[in-house]
Amino acid sequence: MALTEALLLHRLRGLAERSPDSRRPVALYSEARWSGPVTLAAGGIDWTIQEAPSPLAVRASLADAPAGGRLVLLTALDERALGADVLARLEEGRVMPLRPWAVLMERFRATAIDPRIDKGGLAQPLLEACPEEAFDPAPGGYLDLDLAWQMLARYALGFDHGTLDRAAVLGWLLSAEGRRRLAAAPTAVQTGFGAWIGGRLGPGGGLALALLQVDRLAEWPARLVLAEATARAPVADRAGPRAVIAHLAGCAEPSDETLIDLADALDGLAGPALEEAGRAAEQMFGAQRAVLAWSRHAPVGRRARAEAVAQALDAGDAAALEAAAAELERHHGVPEAERTLVTMAARLQRWLATPPPEAEDFEGLASWYLDAGSYVDRARHAALARLEGTTLAPAVRRLLDRVRAEREAINRAFAPRLLAWPRQAAGRLVPVEQVIDRVVAPLAQGRVLLLVLDGLSLAVAHELLEHLPAGQWQRVRHEGVDAAVATVPSVTELARTALFTGRPGRGGQSEERAGLANHPRLRGTRPAPIFHEASLRSAGDGLGEAIRDRGQAVVAVVINAVDKELSGSSQYVRDWNISRIKGLRALFDEARDAGRVVVLTADHGHVWFDQPRTQVAEGGSRWRPGTDAGPDEAVVAGPDGPVVVPVVEELRYRPSAGAGTHGGATPQEVLVPLWVLWPSSLADGVPPSAPLEVPTFWDPSAQSLRVEVAVPLTAAVDPSTSGLPLFDAAPPAPASGGLGAELAGSEVFKGRLRAFGGRVTAETITSLVGLLADHGGRLALDQVSARMELGVPRLRGLVAVAIRVLNVDGFQILALDEAERALRLQADLLRAQFGLEDA
């Protein structure tokens, strides 16, 4: 037994705890020589250490004992050699043992110890590794092997996990630090660790530890990968590697169940260590390369799976592609970009198998693009952005070529229908110049943030919407409206001017500001300001104040991030989310906190240049002056005369290094989102929800991607009531008597008004109640509008709030009959629920 400083210190601490006030010398039996310091501090006492190899040396040390502290004599003498007079002067009158297991018992205050601790040589390593504060009393006074190993694992090996499951153990051993600590541990710990913990980890974990050899630790990860690959290989291919595994582990050939259990254990792990293990396995076990192709960690396994995906893509076999893609997804070495690439390729393959759109008119083809085509383009763009550097690039490129040919055929059919469209709102579509009339103005009775992302295509918008903070925003649909239709040519100076002014024309920021501030549909509200992109970055511009201003009905913000990125030097834009666009997340947060509904739209969309065909001409990148249209072009009326625009995505008129541009007549460029996003801060006002289904080729298992709700759009506002006053404008005078006046005095009514009334005043609701009561409980909506001098948009908002306030416990006291466009009031129910019976 080696006499170490740790062993001696633990023994001395125990003595100090037992007899803190004693100053008698201590004799400890030790055959080993002491090479440590002369003095040690332990248990608050300074101990002087002296070796005493003979009785004379013992007596001399006792005669010269230091005045302070306590003397410790290290001796191998028998007590009989010392004499009774010497023993009488020693602590406990004897030479005390210095056996590690006895010291360990003392430190744990144990009355018994598992004999395997001493036999396995673990007592001294445990004393050497554990700090003083680690020794709590052993449960029940018995120091068992499990407790000893848990402390060794923590203090000797640095394996500090609450649960000793196999994922934790294998993950620790796969780390360089874990193997370094194991290699540096005492031999008893090295040899005993696997035996102790192996039985706890199931058959696969036991095999993993059997493959562990301390003198060849560097090989262990590669051995694991060989065993994992063998588990996945066909039965006929397992014999050779199974024999290799048995030889390395020094055991019988493992069963299939054991190999599968080990493979399952590794499936729960990931990271660079396993990727390196896979590469090492290919170098170490070159003869087993065919088996390693089944591994989910070896690079050869990734290449084999990628090849299977490529073959399925070229064959157009959807079922084979699904299976191959799923197997590639399970390989731990596949980069996230390649996983996304395969997912998008599978979606495109499924789309190619669907029937082409059968719509004959513009609205039908536009609906196809909203429901399916925009998702196709999103998948195409995501795949294009991830082609570089992947072995799948040739096969995916061939798939993209097939998809592009199909999409261009649809684009060619779309353009003539677009140009023949009379630009009148119909179904799901609103011309860009009618966006404020049809969507923003009806919502301005509350408060709106009109958010215009220059160049925002539907494909990008789908992705953006998915990255909105969960639970904070909900997309709602106004009478089925989904998209705006840009001008043709689909260029900023035409489309954005039309958006803000409500009429065709060319302009810039000054025309946009004047157009919105003086828009006829927003008369009666405070002039709406427009903040361009710089306002998201500069301080003191007033944007935040305008959004928070409860008297400001409409605030508009224009962001050029999408259009700007397309014209940059990078060939492909990778991903879009609100964090990528600087300031956008803060803008959404500000709108949510202020209770503003966000209308998200764009002036135009864009096309990406995959394989551009350049026809150099005057004009813009996607329009040129003239009437000489070619087979993939169309002539349209421009503000300064006729111009020619492409009807396919690949044609451009200016060489460019950018990722894409706009100006043509494809659905990617002219169909843009017109989405109303409802903040959680206005959750009480959201009508019942309905699901919006995504195309089956995008996700065959998903029923819906997100929730939409139907919010009715009002008809055009009568010019005489187009002021659209806010709810806190001056309300009509309350009725001087009758049911409305009775209701005003109800405490129940006052409480519900505080809870559900928002900014609607008590006088407004009681006036409505009095009016209906005076007309027998039923009155046409138009008559109510005229008598209360409220426009229909504001009246509908008032009615929605009044229903929340008045309909106690679900009783239909107030109801809006949409079929008859009439309001109904049940006066008897009102009296009963609000305590007015005796009034």
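Source: prediction; values computed, not measured. One is the number of the first residue; the rest follow in order along the sequence.
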Visitor: Under 4.5 Å between any side-chain heavy atoms of Leu600 and Leu465, yes or no?
Guide: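 Sidechains of Leu465 and Leu600: no contact.
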Visitor: Enter the distance from Arg654:CZ to Thr614:OG1 here, rounded to the nearest 0.5 Å.
Guide: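 One gets 12.5 Å once the value is rounded to the nearest 0.5 Å.
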Visitor: Answer yes or no: is there an ion pair linking Asp371 with Arg428, defined by an N-O contact shorter than 4.0 Å?
Guide: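 The answer is yes: the pair qualifies as a salt bridge.
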Visitor: For Trp473, does the CH2 atom sit with more than 12 other heavy atoms under 6.0 Å from it, leaving out its own atoms?
Guide: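 Above 12, so yes.
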Visitor: May I ask you to say whether Glu327 pairs ionically with Arg296, meaning some side-chain N is under 4.0 Å from a carboxylate O?
Guide: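 Salt bridge between Glu327 and Arg296, a charged N being under 4.0 Å from a carboxylate O: yes.
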Visitor: Yes or no on salt bridge (Lys or Arg N to Asp or Glu O under 4.0 Å) for Arg378 and Glu466, after CA distance, side-chain angles and deciding distance?
Guide: CA-CA 13 Å; Arg378 178 181 169 189; Glu466 289 178 4; 3.1 Å; yes
Visitor: I'd like to know if Arg613 and Glu408 make a salt bridge, using a cut-off of under 4.0 Å between side-chain N and carboxylate O.
Guide: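 No, Arg613 and Glu408 are not salt-bridged.
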Visitor: Could you tell me if the side chain of Asp377 sits less than 4.5 Å from the side chain of Trp608, heavy atoms only?
Guide: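 The answer is no; the side chains never approach within 4.5 Å.
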Visitor: Is it true that Arg289 and Glu282 make a salt bridge, defined as a side-chain N closer than 4.0 Å to a carboxylate O?
Guide: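 A salt bridge is present here (some side-chain N lies under 4.0 Å from a carboxylate O).
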Visitor: Any side-chain heavy-atom pair from Pro646 and Thr666 closer than 4.5 angstrom?
Guide: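 Answer no - side chains too far apart.
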Visitor: Is there a salt bridge (Lys or Arg N to Asp or Glu O under 4.0 Å) between Arg397 and Asp610 once you walk through the steps?
Guide: CA-CA 10 Å; Arg397 166 56 70 187; Asp610 177 14; 2.8 Å; yes
Visitor: So do Arg592 and Trp678 actually touch side chain to side chain, heavy atoms under 4.5 Å?
Guide: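 No, too far: nothing below the 4.5 Å cut-off.
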Visitor: Please walk me through it: do Leu449 and Leu587 pass side chain to side chain contact (heavy atoms under 4.5 Å, CB included)?
Guide: CA-CA 10 Å; Leu449 173 64; Leu587 189 61; 4.1 Å; yes
Visitor: Do the non-hydrogen side-chain atoms of Leu677 and Arg475 ever get within less than 4.5 Å of each other?
Guide: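 They are in contact (side-chain heavy atoms under 4.5 Å apart), so the answer is yes.
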Visitor: As a quick check of understanding, evaluate side chain to side chain contact (heavy atoms under 4.5 Å, CB included) for Glu322 and Arg350, giving each step before the final call.
Guide: CA-CA 10 Å; Glu322 296 290 342; Arg350 286 194 292 266; 2.3 Å; yes
Visitor: Less than 4.5 Å apart, any side-chain heavy atom of Leu392 and any of Leu328?
Guide: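 Contact flag for Leu392/Leu328 side chains = yes.
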Visitor: Got more than 12 heavy atoms from elsewhere within 6.0 Å of CZ, Arg402?
Guide: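 Yes, enclosed.
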Visitor: Are any of the side-chain nitrogens in Asp401 or Arg404 under 4.0 Å away from the carboxylate oxygens of its partner?
Guide: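 Answer for the salt bridge query: yes.
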Visitor: Is the shortest heavy-atom distance from the side chain of His532 to the side chain of Arg513 under 4.5 Å?
Guide: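 SC-SC contact between His532 and Arg513 confirmed.
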Visitor: Got Thr601 and Val672 here, is their nearest side-chain heavy-atom distance under 4.5 Å?
Guide: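 Thr601 vs Val672: side chains touch.
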Visitor: Determine whether a donor-acceptor pair (N or O, by modelled atom type, separation under 3.5 Å) exists between the side chain of Arg417 and the backbone of Glu360.
Guide: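 Judged by distance alone, yes, a pair lies under 3.5 Å.
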Visitor: For residues Ala359 and Gly364, report the shortest heavy-atom separation together with the two atoms involved.
Guide: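 Here Ala359 and Gly364 meet closest at CB-C, 3.3 Å.
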Visitor: Evaluate the ring planes of Trp675 and His462, with Trp represented by its six-membered ring, and classify them as parallel (under 30°), tilted (30 to 60°) or perpendicular (over 60°).
Guide: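 Rings of Trp675 and His462: tilted, 30 to 60°.
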Visitor: Just how far is it from atom CD1 of Ile436 to atom CG of Leu450, taken to the nearest 0.5 Å?
Guide: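 Spacing of CD1 (Ile436) from CG (Leu450) equals 6.0 Å.
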Visitor: Under a 3.5 Å threshold, yes or no: a donor from one side chain and an acceptor from the other, between Gln311 and Asp314?
Guide: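 Checked: Gln311/Asp314 side chains show no N/O donor-acceptor pair below 3.5 Å.
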Visitor: Is it the case that the side chain of His297 and the backbone of Asp267 share a donor-acceptor pair, with hydrogens and angles ignored and the cut-off at 3.5 Å?
Guide: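 It does not hold such a pair.
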Visitor: Provide the closest heavy-atom pair for Ser621 versus His662 in the form atom of the first, atom of the second, distance.
Guide: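 What the structure gives for the nearest pair is OG-O, 3.7 Å.
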Visitor: Could you tell me how the ring of Phe414 sits relative to the ring of Phe362: parallel (under 30°), tilted (30 to 60°) or perpendicular (over 60°)?
Guide: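 Rings of Phe414 and Phe362: tilted, as their planes differ by 30° to 60°.
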Visitor: Indicate the ring-plane relationship of Trp351 and Trp368, choosing parallel, tilted or perpendicular according to the 30° and 60° boundaries.
Guide: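 The rings of Trp351 and Trp368 sit tilted, inter-plane angle from 30° to 60°.
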Visitor: Do you know the tightest heavy-atom contact between Leu456 and Ala461?
Guide: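 So the two residues come closest at CD1-N, 3.8 Å.
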